[in-house]
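Contents: one structure, followed by commentary.
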Amino acid sequence: MNRYRLIGQRLAALAFITALLLNYPLISLFNADRMILGAPVLHVYLFSVWLTFIGLMAFFIERRE
Amino acid sequence: MNLGLISFVALIYIGALFAIAYYGDREAERGRSLINTPYIYALSLTVYCTAWTFYGSVGRAATSGVDFLPIYLGPTIMAALWWFVLRKIIRISKIQHITSIADFIASRYGKSALLGGLVTAMAVLGVIPYISLQLKAVSYSFTLLWHYPNLALPDLDAIPILRDTGFYVALIMAAFAILFGTRHLDATEHHEGLVLAMAFESIVKLLTFLSVGVFVTFTLFRGTGDLFARAAMQPDLRRLFAFDQTPLAYQNWFWLILLSMFATLLLPRQFQMAVVENVNERHIETATWLFPFYLFVINLFVVPIALAGRLLVAGDVSPDMYVLLLPLERSANWLALLAFVGGISAATGMIIVETVALSTMLTNDLMMPLLLHANAFSASRDLSSFMLNLRRGAILLVVFLGYLFFRLTGKTFSMVSIGLISFAAVVQFAPALLGGIYWKGGTRRGALLGLLSGFLVWAYTLPLPLLAQTAGLGDAFIEAGPWGVSWLRPYALFGLTGYEPITHALFWSLLVNASLYLIGSLWSGESALEHRQAALFVDIFRHVGGSEQVQIWRGEASPLDLQTLMQRFLGRSRAEQLLSEYARTRGVTDWRALETDADMIEEVERQLAGVVGAASARVAVASIVTEEPLDITKVIHMLDETSQVVAYSRQLEQKSRELEAATAELREANRRLQELDRLKDEFISTVTHELRTPLTSIRALTEILYYNPDLPAAQRQQFLDIITKEIARLSRLINDVLDFAKLESKAYDWNLKPVNLKMLISDAFDATRQLFLERNITVRMELPDDAPDALTDNDLLMQVILNLLSNAAKFTTDQVTVRLRQEGDFLRVDVIDNGPGVDPAYRETIFEKFSQVPPPDGIRRQGTGLGLPISRAIITQLGGRIWVEGKPGQGATFSFTLPISPFKPSQETSHATT
């Protein structure tokens, strides 16, 4: 079950990176009173990181080799 | 709004829920599983989203911005780790027949009833407020809908219980949980209907919340841009767009993510759905991304609804209720009703699953061990229906504890704060559980110390100050500390200030919990059972199917005892069925014929564990099995041997077997080499000996000639004659040796052809005719004309026949017969003389090199001694046989055979030589 382990490790790496992206200090770069795309920059940042993370997970898992 | 309408809609919805659950169970009974798909599994996991998500997130966002998000970001990150962690937990639970998180932890640490009871107590105390929060949400939303536009809610204390919606919701939920959560006695069996209903609730709460979100964002405003722009104009709303730029705010954020990460795994209802109700391990794969995606979607409109509420809803009303109020404000009553149904779905889902999970824990890990320890049952009593009723009772107990808590404290707290307190309670399980599946060193004592200390710190820093406030003595307690001891202030323990209460409590409780778990584990021994369970849990993927388990039971019990025991808990027919199934796996038709061994006791215990929990099952089995004391070192020894050393030693055995074989081959080869070496030495010494004899005589004669030049001519002539003969003999000898060496080394260039033997023998006789004539010997040839050809080498065979003929001429008295005939696939040639014959003792030796066979009397040794060995070598290599027969004194018969040529006879080839 080599592929299984590989996916698991990719997911773990992804989780680690995302955990960093969603915490101090990186998050402080976006914690500002600014607007982007009609919404506060912090909200846009958090939701985009979140969605990207989910998308990558789905990509890793559902891609059939 | 009309009370009848609201009640009607709510009842219709709940009726649909019952119908779906019923349908799911009925299909399952017919053998069609509706929940066996990863999508239902992922949806059922979103029981994580409760009324707290549905109402509370908006409330939290309306007061503190993105602060509500960590509770959903944490699970998202955790989902990525499910791949390893959850899969392992599920695998362990399936093999060990684990029914709840309390069972899991108890089972890991030596099936400790004490530990199971502690975890159960912690879970119940920690989660009851969370259940009360759901009841509060339903009750509150119902009242709001009913009394709108009157926002002043009636005092809860003034409503009699029988007129409180929360009470009826509690009742109905208890009924649902009893109906669909206690269908089977075996708690490891799936509650198909229940899971299906939960998946349905998940869809309802998502769609209703999205409807409100879309309505608010696109009907009340012109999209999110418009909404944010209008909110940005109000300073106190603009403040919500970012959070405080202080280190403490970031730390709070971090701790909330961590908290919710673990809560996704450790909340009893999540454990129930993710582990106990899991049908197929592979469902994790899809759920890993689908579950976070659900969280993402349901949170998309939280901030818009919160901001819209702040902008549009006037009056002093809890922001938790914006989801209902915004549609009501715009007279979209149908949408408000829809939102109300969504709220019910979020709340009821949580109540049902949490109640089922907690009731299983209460009965299996708290009540049954106590009752069994107290020997409360007569040995013969059938406990299966008692067990079911006990579980039903536990459901009622949990639901009404929740309701009671709501009645006592309902007015005081916001949803999110209560929810977080429950999260913090269950997170205390993290060190014992995660440590338990990845670290074999964790012990029962360590787990007990960690859990108990963590729980006490949690109780002191979170619920206690809240309860004190409710009781009216909070402020002094919180501000000054108990008895004025300032370092004991529950929100600033040891003077640690600045954190939010939840972060503060998490920090201290997890610190103490994890430290004591480690210290307790490292400074305490473990029992044999603990050691085994630790190995089973941590190495679950190595013990495939649990088949390599080391048996802990060393006791004795009769099959009938075991059957009686199972019957008490499982009922007669089920016990019979399980035992028969087990007997079949052992290759026996009737279980009564089984020898009760450790494996059978183990199996009975596993089956019971599914019904009464690991700890109770152990107590129950121990009551009938007389257990022999087991030496811990012995068990550790056995364990190590089974899990690792056995595999290793198997490899070693294999290796040593191979080595042995190789050694034997080598020894044989060596023996052959030594033999050959000996033969070679022998050969050389014989050859040199044979060479020396003619040389000696040549040398002697030449010396005589040299020193006596005046020797008479006749004698000189005689000497020279002998010298010439000896030299001829020498060269013959050397030729023979060379031939022989060639034959022996198989370097000879064979030239196989069909040969007519009659021709060959005639030619050979012609060549030796002179010998026979000299001694006046009669030669008879019996050579049939129709003899087939032999497949052979003409020259070599000629050599053999010449050799035999000259031998015969040498040894015979007066007659020699040569006979050729066919024998099966072979041609046979006999050369018969009437000489002295061969002593039977030498019949083999004469074919050996330089055999020291004494020549028959009166015959001088003339040959090289290599003739017969060369003949044998040639005949053997040509595929035939050569031997000698005849009685001593009556002549000798030398015979050899050769294979017949498969080719057609051809005349000319046999003429090749003379």
Side-chain angles (χ1 to χ4, degrees), chain A, chain B residues 38 61 65-66 69-70 72-74 76-85 87 223-229 231-232 238-247 249-254 257-258 261 282 284-297 299-300 302-304 307 541:
Chain A
M1 212 67 193
N2 216 355
R3 181 178 160 259
Y4 201 94
R5 287 194 68 80
L6 182 67
I7 294 178
Q9 284 168 9
R10 281 180 187 165
L11 290 177
L14 201 59
F16 180 71
I17 294 165
T18 309
L20 289 182
L21 285 174
L22 292 178
N23 272 293
Y24 185 82
L26 287 172
I27 195 179
S28 71
L29 304 179
F30 301 88
N31 190 11
D33 186 10
R34 270 183 284 131
M35 303 285 275
I36 186 170
L37 305 170
V41 68
L42 180 65
H43 295 216
V44 174
Y45 172 72
L46 289 175
F47 276 90
S48 346
V49 170
W50 195 1
L51 189 63
T52 313
F53 177 53
I54 295 167
L56 284 175
M57 283 202 294
F59 176 70
F60 288 156
I61 293 169
E62 298 300 323
R63 186 179 46 167
R64 295 282 172 243
E65 318 226 325
Chain B
V66 289
L69 265 186
Y72 307 96
L73 295 176
T76 306
I77 294 171
M78 194 62 191
L81 305 179
W82 281 353
W83 201 267
F84 292 132
V85 183
R87 183 162 164 263
T224 46
D226 177 38
L227 182 55
F228 279 114
R238 194 173 176 104
R239 191 180 51 80
L240 300 178
F241 288 5
F243 59 87
D244 293 344
Q245 280 279 15
T246 65
Y250 291 122
Q251 287 201 34
N252 282 329
W253 175 269
F254 165 79
I257 288 182
L258 195 72
M261 268 179 78
R282 293 197 64 115
I284 299 174
E285 298 179 16
T286 308
T288 293
W289 60 268
L290 193 55
F291 169 70
F293 188 64
Y294 183 101
L295 299 183
F296 176 85
V297 174
N299 276 296
L300 270 179
V302 169
V303 174
L307 292 177
F541 293 113

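Naming: A, B, ... by sequence-line order, numbering from 1 per chain.
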Could you give the distance from [atom1] ([X]) to [atom2] ([Y]), rounded to the nearest 0.5 Å?
| X | Y | atom1 | atom2 | result |
| --- | --- | --- | --- | --- |
| W50(A) | N299(B) | CH2 | CG | 4.5 Å |
| E285(B) | M57(A) | CD | CE | 13.0 Å |
| L69(B) | L42(A) | CG | CG | 8.5 Å |
| I77(B) | L11(A) | CD1 | CG | 13.0 Å |
| T288(B) | F60(A) | OG1 | CZ | 13.0 Å |

Pick one of side chain, backbone, both or neither for [X], based on which atoms fall under 4.5 Å of a heavy atom in chain A.
| X | result |
| --- | --- |
| F84(B) | side chain |
| D226(B) | neither |
| L300(B) | both |

Heavy-atom closest pair (S28(A) atom, Y250(B) atom, distance to 0.1 Å) is CB-OH, 3.0 Å
Residue pair A80(B) / F53(A): nearest heavy atoms and the distance that separates them
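Between these two residues, the closest heavy atoms are CB-CZ, 3.7 Å.
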Counting only non-hydrogen atoms closer than 4.5 Å, does A32(A) touch chain B with its backbone (N, CA, C, O), its side chain (CB onward), both, or neither?
backbone
Is it the backbone or the side chain of L37(A) that comes under 4.5 Å from a heavy atom of chain B, or both, or neither?
neither
Contacts of type side-chain hydrogen bond (donor to acceptor under 3.5 Å, both in side chains), residue W253(B), not counting sequence neighbours:
none
Given side chain to side chain contact (heavy atoms under 4.5 Å, CB included), test T286(B) with E62(A) step by step and report yes or no.
CA-CA 8 Å; T286(B) 308; E62(A) 298 300 323; 3.7 Å; yes
Just give me the residue among V66(B), L240(B), T224(B), L81(B) that pairs up with chain A most often, heavy atom to heavy atom, under 4.5 Å.
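Greatest number of close heavy-atom pairs with chain A: V66(B).
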Choice from W289(B), W83(B), F293(B) maximising heavy atom contacts with chain A below 4.5 Å
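Among the listed options, the one with the most contacts to chain A is W83(B).
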Show me, pair by pair, the donor-acceptor contacts under 3.5 angstrom made by side chains of residues 13-27 of chain A, not counting sequence neighbours?
unit_1: T18(A); atom_1: OG1; unit_2: L14(A); atom_2: O; d: 2.7
unit_1: N23(A); atom_1: ND2; unit_2: A19(A); atom_2: O; d: 2.9

Could you walk me through whether F241(B) and R34(A) pass side chain to side chain contact (heavy atoms under 4.5 Å, CB included), step by step?
CA-CA 8 Å; F241(B) 288 5; R34(A) 270 183 284 131; over 6 Å; no
